[in-house]
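Counting starts at 1 for both ligands and their atoms, following the listed order. In this text, all values refer to a predicted model and were calculated from it rather than measured experimentally. In this chain, residues are counted from 1 in sequence order.
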Amino acid sequence: MEKSATRQSFSAGEIIFAEDDAPTTAFLIESGRVAVTTVQHGEIRELGELGPGALLGEMAVIDSAPRSATARALSDCVLTPIDRNQFAERLAMADPVVRALLMSQLTRFRSALARLTGDVREVGHSPAHDDSGAFDKIRLESELRAALERDELEVLLQPIQHIATGKTAGFEALIRWQHPERGQVSPTEFIRLAEETSLIIPIGDYVLARVCDMLVELRGLGRESLPFIALNISARQIDDPLLIDRMLEHLKVRGLPPGRLEVEITESLVFNQSQISALIDRCHAAGMQVALDDFGTGYSNLGPVLSLKFDRIKLDQSFTRALDGPRGTGLVRAIVAMTKALNCEMIAEGVETRDQLDALREMGCDYAQGWLVGKPISLHEVLDRG
Ligand code: C2E
Ligand code: CA
Ligand code: CA
């Protein structure tokens, strides 16, 4: 064998690696042919023949198991070695579900191979990665799909108070999953999961339809002004060119004024400014307002705030909490001033104490949302309170 860092040459008949060797590298066959063999009941059995362009010995480097076969050059060969760490790094970075699929296939292949060769040693891979998280995820995703069909998703409303008058101006729609065994699953857990697949689209449509139905019921209360309901929009929904059309259609069939539906876009989604700008323009043309959610938690980049015409800025709850100290108070005061300079209204999120509300009122913040004002509640509870 002739060795260099990037290429290795083997002469016809030479062993490249032997069964039970510890795996250190895989190979890419550049030229020549390689026979892969194993010993079955004391006899050599050929598993396959590989030629240029094929990967050789990758199985063992993936799962760190000893070589399950012997590779021998059938003709003079040139191979490019691939260090196991190159695979390990990519595997570590891969989607956990894809990784779990690969490991499952590998284990199954090894079992089949062991049965074929009469090798009675138990095949179980020593996982370099823990797959259980990935399988939990797949399970949760299937359950979420079923939950959507079975109506296990509930939309709650959290009141948003106009600070100066103390009146409830509107609500934020917040989704809940009432899981039969796990209990209430937080949206922070399952919305991200739904976003990884396209499941967020039907979930978003479900929330939209529920919110519009709720507006109809709130209108039935006959108050002089109908409160608005703000809807959280996720990344994939923003990419959906028909999103606004669907919103308007839902409003139209119920005879609702578009101004009572609001859109919340979280700050970290605002990197594609032209896309968000187009979305805001379409909302405005239809009469809907748009709020910048979780302000101060994204990229802390003021460019989008300057150029995008948001109607409202929602101060993240971490800043509201910081009102308990002098630095935080100074910062929030500056943010309120900035919001006013931009002609936006400000909603402070996560208001939990009377002191926080007093501080916000004194600074001129327009709206408060948080446990002090009210926790997220069902529409029935909202209606019962009149
Ligand atoms: P968000 O939009 O920032 O929603 C505010 C979160 O703060 C809600 O958590 C709310 O229950 C919580 N909260 C409200 N007041 C207080 C308070 O005084 N103190 C504290 N500690 N927390 C408070 P929730 O309901 O668990 O929602 C979490 C996130 O899930 C939301 O964050 C939003 O990003 C996402 N989400 C919820 N519903 C939907 C939905 O229908 N669609 C989409 N795309 N995302 C949603
Ligand atoms: Ca929100
Ligand atoms: Ca928020």
#### Entry: Nearest-contact summary for atom 8 (C) of ligand 1 - protein heavy atom, Å
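Protein heavy atom with the smallest distance to atom 8 (C) of ligand 1: Leu174 CD1, 3.8 Å.
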### Message
Counting non-hydrogen protein atoms only, what is the nearest one to atom 35 (C) of ligand 1? Give residue, atom name and distance.
### Response
Pro187 CB, 4.4 Å
Ligand-residue contact atoms, ligand 1 with [X], heavy atoms, under 4.0 Å:
X	value
Asp294	3 (O)
Ser234	44 (N)
Gly350	16 (C), 17 (C), 18 (O)
Glu349	3 (O), 5 (C)

### Query
Is there a heavy atom of Gln369 sitting under 4.0 angstrom from any atom of ligand 1?
no
### Query
Looking only at non-hydrogen atoms, which of Arg321, Glu352, Gln317 approaches atom 12 (C) of ligand 1 most closely?
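It is Gln317 whose heavy atom sits nearest to atom 12 (C) of ligand 1.
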### Task
Could you name the option among Asn232, Val373, Ile203 that has the heavy atom nearest to atom 44 (N) of ligand 1?
Asn232
### Query
Any idea how Phe27 and Phe10 line up, ring-wise: parallel (<30°), tilted (30 to 60°), or perpendicular (>60°)?
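Aromatic pair Phe27/Phe10 classed perpendicular.
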### Close N or O approach (Glu172, ligand 1; < 3.5 Å)
yes
#### Entry: Under 3.5 Å: N/O of Val207 near N/O of ligand 1
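Looking only at distances, the answer is no, because the N/O contact criterion of under 3.5 Å is not met.
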### Query
Can Arg90 and Gln86 be counted as having a side-chain donor-acceptor contact under 3.5 angstrom?
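No, no side-chain donor-acceptor contact under 3.5 Å.
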Where the side chain of [X] meets the backbone of [Y], is there a donor-acceptor pair that is under 3.5 Å apart?
X	Y	answer
Thr320	Ala348	no
Glu217	Met214	no
Ser64	Ala60	no
Asp294	Thr266	no

Ion pair present between [X] and [Y], side-chain N to carboxylate O less than 4.0 angstrom?
X	Y	result
Glu143	Arg182	yes
Lys309	Asp281	no
Lys314	Glu264	yes
Glu49	Arg33	yes

### Query
Under 6.0 Å from the CD atom of Glu43, do we count more than 12 heavy atoms belonging to anything else shown?
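Atom CD in Glu43 is not crowded, with 12 or fewer foreign heavy atoms closer than 6.0 Å.
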### Task
Measure distances from the Ca ion (ligand 3) and count the protein N, O or S atoms below 3.0 Å.
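Of the protein's nitrogen, oxygen and sulfur atoms, 4 lie under 3.0 Å from the Ca ion (ligand 3).
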### Query
Restricting to N, O or S atoms of Glu172, which is nearest to the Ca ion (ligand 2)?
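In Glu172, the heteroatom (N, O or S) nearest the Ca ion (ligand 2) is OE2.
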### Ring-face cation contact, Phe228 with Arg312, 6.0 Å cut, 45° max
yes
### Query
Backbone, side chain, both or neither: what part of Gln158 comes under 4.0 angstrom of ligand 1, heavy atoms only?
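Contact part for Gln158 vs ligand 1: side chain (C-beta onward).
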